[in-house]
2 protein chains.
Amino acid sequence: MTTIREVARVSGVGLGTVSRALNGDPRVRPETRARVIAVAEQLGYRPNVLAQAMRTKSSRTVGLIVPDLQNEFFMAGAEVVQHRLAESGYRLIIGCSDNQDHLDRNILQSMAERRVDAILHVPCTPSGSTSLRETFPDLPVVEFCRRSSRDDVDSVIGDEEVGAADVVTHLVGLGHKHIALITGPTTLSTSEARIRGFRRGLQAAKIPLRHCPIASVEFTSHAAENATEELLQRHPEVTAIFAASSRGTAGVMRALHHRRLAVPEQMSVVGFLDPDWFDSVQPRVTCFKLPLGQMGTAAAVLLVERLNHAVPRRPRRIVIPGELLVRDSTAPPKPAAATKSARARPAKTTTKTTKTQAAGRASG
Amino acid sequence: MTTIREVARVSGVGLGTVSRALNGDPRVRPETRARVIAVAEQLGYRPNVLAQAMRTKSSRTVGLIVPDLQNEFFMAGAEVVQHRLAESGYRLIIGCSDNQDHLDRNILQSMAERRVDAILHVPCTPSGSTSLRETFPDLPVVEFCRRSSRDDVDSVIGDEEVGAADVVTHLVGLGHKHIALITGPTTLSTSEARIRGFRRGLQAAKIPLRHCPIASVEFTSHAAENATEELLQRHPEVTAIFAASSRGTAGVMRALHHRRLAVPEQMSVVGFLDPDWFDSVQPRVTCFKLPLGQMGTAAAVLLVERLNHAVPRRPRRIVIPGELLVRDSTAPPKPAAATKSARARPAKTTTKTTKTQAAGRASG
DNA sequence: TTGAAAGCGCTAACAC
DNA sequence: GTGTTAGCGCTTTCAA
């Protein structure tokens, strides 16, 4: 590899001059700069970013940690963040925690050791980036999509509480009185918000919480499928389901199909986010959609702020509203037919670890 | 930040000893090591990976460049690669080229400058990583999912040629004689392979190629939707469509609904890959599926080989077979002049899997 | 077994 | 304007 020293030798100038010429320092004669640049080019010189980073103590890189590389919830934002960051001369490196605490901590640490200038973090536990604080207290962290219990970091999340309440309002407006919620692990801020909003919507409509079961399961379509099965078995009176995770929606649909429950005639379904297919299948899926791009932009702005002004500033917590997209998977309930059909056709699915709780029981 | 020097000072030994102790060098007295480690821990010492990398000229990192962060084709593999690599002590950093040549080159360069030890590359042009070769001739590159025209790099791709031929065979077997293919830009190896296989399947069935239109469009559901519209207008005789991209499948479905064409009664559809929703909607989508996880593993193996043995070796080109998943979106075509009674029994095929090929082959 | 010293490639402070 | 020098934090000879 050609080094700066080589370039200096060939162009007959000192090391400092080469560095200045290449970095656009104004105090270097134009012709000198031209010569240096020409030589560098001709020699195929490429800066060693590691050395630069070590010297300047900035790698001009920010790290993004997501729980799932295949989930649009995080990756749609990632796409935007990368572009916005690139505009400010920063590069994004992405790691995946698989929703596992120890992996999360691991990657957090490892990115910090790689001297990223900031971290965009989708926490997978309430403790969030706490482990980092001990070793890298000054590394800026911005939380994305989810919040940990830390209140000293910036964050950008969607307004899922209002979203869930809106979903309930929509369903209640159609006449539903027995609504189920299927969401993720209760330790996550997103699930918490969804449950809070769900209950709020129910209370506003004067619907008893105990009529409306909540299932908290892993974010896989399989888990959602099993949860739906179990839930419908236990609560055959349910006429509408809010599948509050994008992957979960597919699982719910599958379970419904196994039970021969027609959507929306026998069961209304509201999905989460708005993947392409929601609008391409029959029935088109009603959903609660978050402006993922906008959330990415907001995160990038926060990041760049922290990057530029190393001055401490009070943490900013941004909550971005979503919208309800009413399509064809929700309709007024058909009381008699629905429950009958549900009992008529038993499921053949194997049941796995699925926690089901009634909304009323845990509400305090 | 605590440095190694600090640790040395506090534990009362030299720099070298600390380095050796921390890196498990055998020639250091156990008690010395214990003390050093204790001090390091107590001081919250964290190695500066940048400095390590600079010194050892290895960052123990490999870079992955994909065209689209939201596409399971690439990200499912990424997930696996990351885990496999982690087992060998390597970290994966991911960048996104957006399918744009200049961004691709940009990221390639930037990762190289960051001194990754190898690059896993999903090329978006035939030139692939050529631009890198000039400046970093020795950086190992493994191509993933797609191939460039370079024949001096390792690669792992799915056998899409055989896959496309199998799809045609399946459709022809059902009685289709006018089949359309919607695929990506023709400059990509994947599109080429799909088209080749498509034609081969047609020829084997003695179906005139001119009866079977091919559309090459961007990898968005929108582009596929428009292409389908246009294609059906121009070729109303078409009775089956192979949507050879996962996003494209949704677009095709949308266009079909828009035209009020029932699937599979009036139009058979074969999708690409196998996202959750293919099996969750009505009709469940017949598709050509690639073992993404297996492909990721293969790539990781190749990578680790290159990483360990810096010895040059002839490039290996691995092709991994996929399988056809026959579900409900394909059925015999509706005879042109016949009435509805002509199709007495709708095809309710249970999902069966067909291996397209016995084993992956490696050459070179 | 350990310490001292020499850089890895670069930038920034300081001279001229 | 430009050259020289001193490190950034680490690993790795080379002596001891």
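Every value quoted in this text rests on a predicted model; they were computed, and no experiment measured them. Letters A, B, ... are given to chains in the order of the sequence lines, protein chains preceding strands, and every chain is numbered from 1. Side chains included, hydrogens not; waters and symmetry mates left out as well; all remaining heavy atoms used.
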Report which part of the nucleic acid Arg29(A) touches: base, sugar-phosphate, or nothing (heavy-atom distance under 4.0 Å, all strands).
-> sugar-phosphate
Sugar-phosphate only, base, or nothing, as touched by Ser19(B) at under 4.0 Å among non-hydrogen atoms = base
Length of the [atom1]-[atom2] vector between [X] and [N], whole Å:
{"X": "Glu6(B)", "N": "dC8(D)", "atom1": "CD", "atom2": "P", "value": "13 Å"}
{"X": "Arg5(A)", "N": "dT11(C)", "atom1": "CZ", "atom2": "P", "value": "13 Å"}
{"X": "Met1(B)", "N": "dG7(D)", "atom1": "CE", "atom2": "P", "value": "21 Å"}
{"X": "Asp25(A)", "N": "dC10(C)", "atom1": "CG", "atom2": "C1'", "value": "15 Å"}
{"X": "Arg27(A)", "N": "dC16(C)", "atom1": "CZ", "atom2": "P", "value": "17 Å"}
{"X": "Arg9(B)", "N": "dG3(C)", "atom1": "CZ", "atom2": "C1'", "value": "17 Å"}
{"X": "Ile4(A)", "N": "dC8(C)", "atom1": "CD1", "atom2": "C1'", "value": "14 Å"}
{"X": "Leu22(A)", "N": "dT2(D)", "atom1": "CG", "atom2": "P", "value": "14 Å"}

Between Pro185(B) and Glu218(B) the two heavy atoms that sit nearest each other are CG-OE2, 3.9 Å
Among [options], the nucleotide that comes nearest once only the side chain of [X] is considered:
{"X": "Leu15(A)", "options": "dT2(C), dT2(D), dC10(C)", "answer": "dC10(C)"}
{"X": "Thr3(B)", "options": "dG3(D), dT11(D), dC10(D)", "answer": "dC10(D)"}
{"X": "Val13(B)", "options": "dT1(C), dG3(C), dG3(D)", "answer": "dG3(C)"}

Below 3.5 Å, does any donor atom in the side chain of Arg20(B) face an acceptor in the base of dG3(C), or the other way round?
-> yes
Any sub-3.5 Å donor-acceptor pair from Ser19(A)'s side-chain atoms to Leu15(A)'s backbone N or O?
-> no
Please check if the side chain of Arg133(B) supplies one atom and the backbone of Leu139(B) the other of a donor-acceptor pair under 3.5 Å.
-> yes
Go through the steps for Arg150(A) and Glu143(A) under the test salt bridge (Lys or Arg N to Asp or Glu O under 4.0 Å), then give the verdict.
-> CA-CA 10 Å; Arg150(A) 301 197 67 85; Glu143(A) 290 181 345; over 6 Å; no
Here the residues of residues 37-62 of chain B within 4.0 Å heavy-atom distance, strictly under, of DNA chain C are Met54(B), Arg55(B), Lys57(B)
Passing option when Leu92(B) is tested against Val62(B), Thr61(B), Leu303(B) for side-chain contact (heavy atoms from CB on, under 4.5 Å) = Val62(B)
Could you tell me whether Asp154(B) and Arg313(B) make a salt bridge, using a distance below 4.0 angstrom between a side-chain N and a carboxylate O?
-> yes
Partners passing ring pair (Phe, Tyr, Trp, His ring centres under 6.0 Å) against Phe73(A) (at least two apart in sequence or in another chain) = Phe272(A)
